[in-house]
Amino acid sequence: MPNIDPKKLKAVRKYNHDGTFYSMDFDANTRRVYAGSDDYGVYVFDLGSKDSKPIARWNRHDNYVWGITLVKKPKTTVVSAGFDRRLIWWDPQTGEPVRIIEQAHQGWIRDVISTSDGSRLITVGDDMLVKVWDVASGKLVHSLDGHEKQTPQGFVTALYSVAVSPDGKYIASGDRIGAVRIWDILSGKLLQKFDVPVLYTYDPRQRKRSIGGIRALVFSPDGNYLAVGGVGQIGNVDGLGGPATIEYWDWRKPAKLFASGAQGQSGMINHLAFHPDGTWLVGGGTSFICLWKMDKLPGESDKKKKDPVPAYKVKANGTIHDFAISDKGDELYAAGYRMLEVWRLV
Amino acid sequence: MAQKQYCGSPEHTLDRRLFLQGGLTSALGISLAGLASPFHALAAGDLKKKKKQVLLLWLAGGASQLETFDPKPGRPTGGPFKAIPTAVPGIHICELMPKIAKWTNKMAIIRSLDTRIGDHGGASRLMLTGRPREAEIVYPNFGAVIAKELAERDSSVPEYVSMYLATEGRRNASPLPGFLGGRYAGMSLENSLRPANIDLPKGLSEVDHTEREHLRRYLSERFDRERNASKVKGYNSTYQRVRGLMKSDTLFDLEKEPQAVRDRYGKTDFGQHALLARRLIEAGVPMVKVARAWWDTHSDNFESHRELVTELDHVMSTLLEDLEQRGLLESTLVITLSEFGRTPKINANVGRDHFARAWSCSLTGCGIKGGTVFGKTDADGNTVTHDKVGAEEITATIYNAVGIRHDKNYYIGSRPVPLTPEHTEPIKQVLL
């Protein structure tokens, strides 16, 4: 595994897009990227090709494609989820859907992930449910109900993010008002809950509306900790002028271990992932990529700093909504506003 | 002496002194009709027969037409929300408004506003006065004109109440009377739903207050008889209006509503403000404005519109239903209006910016031909393709819907000032 040198982080290739990619995943075997767009398409890019155009566009969604995951075992399958409430299994060779579940949620589907053993899919939607699906059969295994259906002020809310632990035992889900729930994937039991209220801003006086939510979640490689991301408290909810923010939690206690900004960066963190070497947490969002060195937890005196762990930020060429890191750890593939980009990490 | 105010904002306060000054406006060269005099509340049945009223839902900050009344699903500009059918075949609105969709048979949707001004202050003034700014004349808000024209003699309630409890954009939408003078300034509720300074001074009992009023009236009337002082009549009516206002305290008290009714409107501030608006309409207030701020969604537009339009859908549909059940919708014009709409283009922060070239509003109830859509925009919503209208036409249409001639003149001294700019025509296609 090559060592990351944050100073060498660099965009090396850009694929232009007329719309916005909100979701993506990467297949290391074929060097293909699958990206979900606001024009309802799932686009396939061959990064091994010199051609900067997508090699295919799959057309079975009827709204924004907000989630994509690559199921790697027993055979490679692409699963996409959309605001059309559909969950679609795709054969990556033919581009044909092999299964479509209509009304997988009663509301927009906000995220889809798969367990590393390829047995389970997990989705979250605006019905505020976490759903566990059997990948092979497409059957619903659990429907987990543990998030509030309204904000404290009486508005609609949303369930934005879901993560699964590397061993496939635990699910974490995060919603608009900053509530995190941890579930046992086997039994469907609610194991833990805690709140990250800093990620939800409600302005009760000036503008009387809200912004924010937990937009990114990831378990640590050992499964013991959970990184939670979004935007911190915002003065003017018309924009995203609050600090890009993560909190790092020991979810079993539960206890917040530290909170961090992104070197003064303002905006939303839309996605978090651990680098395969296990020591770097990577975040992408409002025109930035940030890396936090996580090989050791900060001491008590460091926790009070804005960046309690070493952090490195680079400006991106547009808002990043999703990204994946190559299995080798040498590249990052970012999808977002009008683009797909390849970044060198070493 | 510190000024006593009905609201906390010094730039547009309405206090008793201003009320009293309003009684003198006729002496200042401005012709005013309808100075209210004796204060006896009309029975609700009489109100239903006689009054026409206006309830403005002011969507401050600029609601997106694409996420409300002019959806463009499937287009690059359309965003993720679909269009849904409504009670009127062929009329589709955004899926965030399933409850409002049931009311389109009583609603006219105007999709062809091209008002050009894209800053909050200028655009708010334009839409609320119905005409471009002029250096020489300070025009009144159309709410003040409606208050003046629709005010009933013998009414004990305020003529124009404006609720704006958020702070952002509030100054832009003050219920200003312009050249009509303080007599027609709206009562602003800004810090609380209860008007300030309507309590009796500490130590003064209701009996003492009534006796003082009797004495003041006796002396005034004797003065008038002996001196034939016509202005005294104006003072009397103004004092009576103040007295009526003080007695209307319970009108603003939502605790008087059954909990079930409060729940029906929802727990959000906007819901409760709409309920108060219904109480005011029922009590006979001719002009009520409820501001719902703040729709300026430069970032995260779709998440914010999920929040705001879902609320609007619930609150407005509840309001329309409540008004209809009480027999008031036929005589009440309910308006949704912003200072502008939002850009079809979705920006890098998933936001929509200010856009005044092709946007929408709605008119429901009194005087409106329901089931109407007027005007059309292109496939992406970038331009008006049919029946372009501006603030003048909207205001003229509002006036006509409640029986006010839009070409009526007011006079500043001897100078005639028409309610709307010359040659303005109302949108006849949406009027009964």
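Throughout, protein chains are lettered first and strands after them, A, B, ... in sequence-line order, and every chain is numbered starting at 1. Note that the structure is predicted; figures quoted are calculated from it, not measured.
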Is it the backbone or the side chain of A/Trp108 that comes under 4.5 Å from a heavy atom of chain B, or both, or neither?
side chain

Kindly assign one of parallel, tilted or perpendicular to the pair B/His120 and B/Phe340, based on the angle between their ring planes and the thresholds 30° and 60°.
tilted

Pair A/Asp238 + A/Arg207, salt bridge at N-O below 4.0 Å:
yes

For A/Gln206, is it the side chain, the backbone, both or neither that has a heavy atom under 4.5 Å from a heavy atom of chain B?
both

Mind ranking B/Arg306, B/His314, B/Glu311, B/His298 by heavy-atom pairs under 4.5 Å with chain A and telling me who comes out on top?
B/Arg306

Does any heavy atom of chain B fall under 4.5 Å from the side chain of A/Asp84, the backbone, both, or neither of them?
neither

Heaviest contributor of heavy-atom pairs below 4.5 Å to chain A, chosen from B/Gly74, B/Pro80, B/Pro73, is B/Pro80

Under 4.0 Å between a Lys/Arg side-chain N and an Asp/Glu carboxylate O for A/Arg86 and A/Glu102?
yes

In terms of heavy-atom proximity below 4.5 Å to chain A, should B/Thr268 be classed as side chain, backbone, both, or neither?
both

Got a donor-acceptor contact below 3.5 angstrom from the B/Asp253 side chain to the B/Glu255 backbone?
yes

Side chain from CB out, backbone as N, CA, C, O: work out which of these in B/Asn347 comes under 4.5 Å of a heavy atom of chain A, or both, or neither.
backbone

Check whether A/Thr157 gets within reach of chain B through its side chain, its backbone, both or neither, counting any heavy atom under 4.5 Å.
backbone

Applying a strict 4.5 Å limit to non-hydrogen atoms, the region of B/Arg75 in contact with chain A is neither

Given a strict heavy-atom distance threshold of 4.5 Å, which part of A/Ile211 is in contact with chain B: side chain, backbone, both, or neither?
side chain

Non-hydrogen atoms of chain A under 4.5 Å away: do they reach the side chain of B/Pro76, the backbone, both or neither?
neither

Using side chain to side chain donor-acceptor pair (under 3.5 Å), reason through A/Ser23 and A/Asp322 one step at a time and then give a plain yes or no.
CA-CA 5 Å; A/Ser23 53; A/Asp322 200 359; 5.3 Å; no

Go through it in stages, so that I can follow the logic: the residues are B/Ser362 and B/Thr336, the test is side chain to side chain donor-acceptor pair (under 3.5 Å), and I'd like the CA-CA distance, side-chain angles, deciding distance and then a yes or no.
CA-CA 5 Å; B/Ser362 76; B/Thr336 64; 2.6 Å; yes

Who among A/His321, A/Arg110, A/Arg338, A/Met268 has the most heavy-atom pairs with chain B under 4.5 Å?
A/Arg110

Proximity breakdown for B/Tyr164 and chain A, heavy-atom pairs closer than 4.5 Å:
neither

When A/Asn236, A/Asp126, A/Val237, A/Asp203 are compared by non-hydrogen pairs under 4.5 Å with chain B, the top option:
A/Asp126

Among B/Leu165, B/Thr310, B/Asp300, which residue forms the greatest number of heavy-atom pairs with chain A at distances under 4.5 Å?
B/Asp300

Exercise: do A/Glu341 and A/Asn317 side chains pair donor with acceptor under 3.5 Å:
yes

Residue pair B/Ser304 / B/Trp295, side-chain donor-acceptor N/O under 3.5 Å
no

Please flag which part of B/Glu307 lies under 4.5 Å from any non-hydrogen atom of chain A: side chain, backbone, both or neither.
both

Between B/Arg278 and B/Glu321 (salt bridge meaning N to carboxylate O under 4.0 Å), is one present in this structure?
no

Apply side chain to side chain donor-acceptor pair (under 3.5 Å) to residues A/Arg176 and A/Ser210 and explain how you reach the verdict.
CA-CA 9 Å; A/Arg176 183 170 176 84; A/Ser210 69; 3.1 Å; yes

Could A/Arg57 and A/Asp39 be called an ion pair, given the rule that one side-chain N must be under 4.0 Å from one carboxylate O?
yes

Contact class of B/Asp296 relative to chain A, heavy atoms under 4.5 angstrom
both

